[in-house]
Amino acid sequence: MKIDEIKTKDLQVKKFIEEKIREISSVVGDGIAINALSGGVDSSAVTMLAHKALGDRLKTYFIENGLMRQDEPQRIVSLFKNMGVPVEIIDAREQFFNALKGVTDPEEKREAITQAFYKDVFGKLVKESGAKYLLQGTNYTDVEETLAGVKRQHNILEQLGIDTQEMFGYKVIEPVIQLRKTGVRKLAEALGLPKEIYDRPPFPGPALSARVIREVTPERVETVRKATKIVEEELCKTGAFQYMAILHNDKVTGVRGGKRDFGLQIEVRCWESKDALVGSPTRLSYEILDRLAERITQEVPGVVSVTYNITKKPPSTIEAV
Ligand code: XMP
């Protein structure tokens, strides 16, 4: 499938909004569409666009998959509620953790999440709601990286030749597929979303499961969730492109209270990048690094080691999984 990129500098945002609203209305007709809001800039922009196009014929769900950052579901749902967009939280933690049980390979993790999301959770919601369409925030870089074989983004289906109608029983509409992240941010701002949304650092669709090396269990996600909160608190003022905590699989020897403590390792990454295609580590001050190490080992149970990644992309990728 050929997709024509709209470069951010060429994006006429008002015209784009009008066109997409028309397109969504005409495709969905008088039917119902559903979409999943994750709170990221892509799905937030799509939610706003589709809300403007369909009003209460859009059913927006926040899928609580157990892999989100702390307090994220409630925060995002109340933010959208204040803008007049109703969002329902679906508790799907069990389905996702079951799907991830015993899965260690990064691509298999993405596949497990894809299946849990599109088939188990969404398949059921679509049936219950009578919707024939799913709107989602796939962007141009997602498609490009997947087709280039760099990394299978979890939300790429039709570009890989997957017939969603046949496989899951609904069609997918992707209104921002021609835009890169900077274009989506411009769109989100023009749609009236607050700065905390349109300026948000990117966060992967597979959420914290992309930050756990090897098996993803509720306990391991809880560890990385606590570390993520600290990393975000400490690094949000750096203006960096993206920053994260990663839980390693191997344990290392440490010492606590004069005793050997065989414990967990957290890796911190902080990136300078424009489009996530290439990147380099932020030159954080030693003072910041010191505070990160101090807080993570004090506040996250079981962690005895904190490292900072100093590799560029390529050959590294932004996420470790
Ligand atoms: P990588 O790790 O490939 O990441 O250098 C590039 C950008 O994409 C985000 N990312 C994902 N986003 N689904 C997503 O929606 C995914 O499976 C996924 N993997 C990586 C990553 O956070 C970075 O901004």
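Counting heavy atoms from C-beta outward, V304 and Q265 have side chains that stay 4.5 Å or more apart. Here the side chains of V268 and I296 are in contact, with some heavy-atom distance below 4.5 Å.
Test D142, D199, D42, D275 against K181 for salt bridge (charged side-chain N to carboxylate O under 4.0 Å, His left out) and you get one pass: D42. Checked against E72 for a salt bridge (charged side-chain N to carboxylate O under 4.0 Å, His left out), the options K229, R225, R200 give a single hit: R200.
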Stepwise side chain to side chain contact (heavy atoms under 4.5 Å, CB included) check, L79 with I197: CA-CA 10 Å; L79 194 145; I197 294 285; 4.0 Å; yes
Stepwise side-chain hydrogen bond (donor to acceptor under 3.5 Å, both in side chains) check, E215 with T217: CA-CA 6 Å; E215 193 180 6; T217 63; over 6 Å; no
Candidate pair K109 and V321, rule side chain to side chain contact (heavy atoms under 4.5 Å, CB included), full reasoning: CA-CA 9 Å; K109 259 183 214 176; V321 165; 4.0 Å; yes
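Between the side chains of R69 and T228, not a single donor N or O lies within less than 3.5 Å of an accepting N or O. Side chain to side chain, T307 and E267 fail the donor-acceptor criterion of an N or O pair below 3.5 Å. Residues T311 and S316 have side chains that never bring a donor and an acceptor to within less than 3.5 angstrom of each other. A donor atom on one side chain and an acceptor atom on the other are found under 3.5 Å apart for N35 and T47.
Looking at R291 and E234, a side-chain N of the basic residue comes within less than 4.0 Å of a carboxylate O on the acidic one, giving a salt bridge. The existence of a salt bridge linking E319 and R211 is confirmed by a sub-4.0 Å separation between a basic side-chain nitrogen and an acidic carboxylate oxygen.
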Donor-acceptor list for residues 14-21 side chains, cut-off 3.5 Å, not counting sequence neighbours:
residue : atom : partner : partner atom : Å
K20     : NZ   : E23     : OE1          : 3.3

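Atom CZ of R269 is separated from atom CE of M244 by 7.0 Å, given to the nearest 0.5 angstrom.
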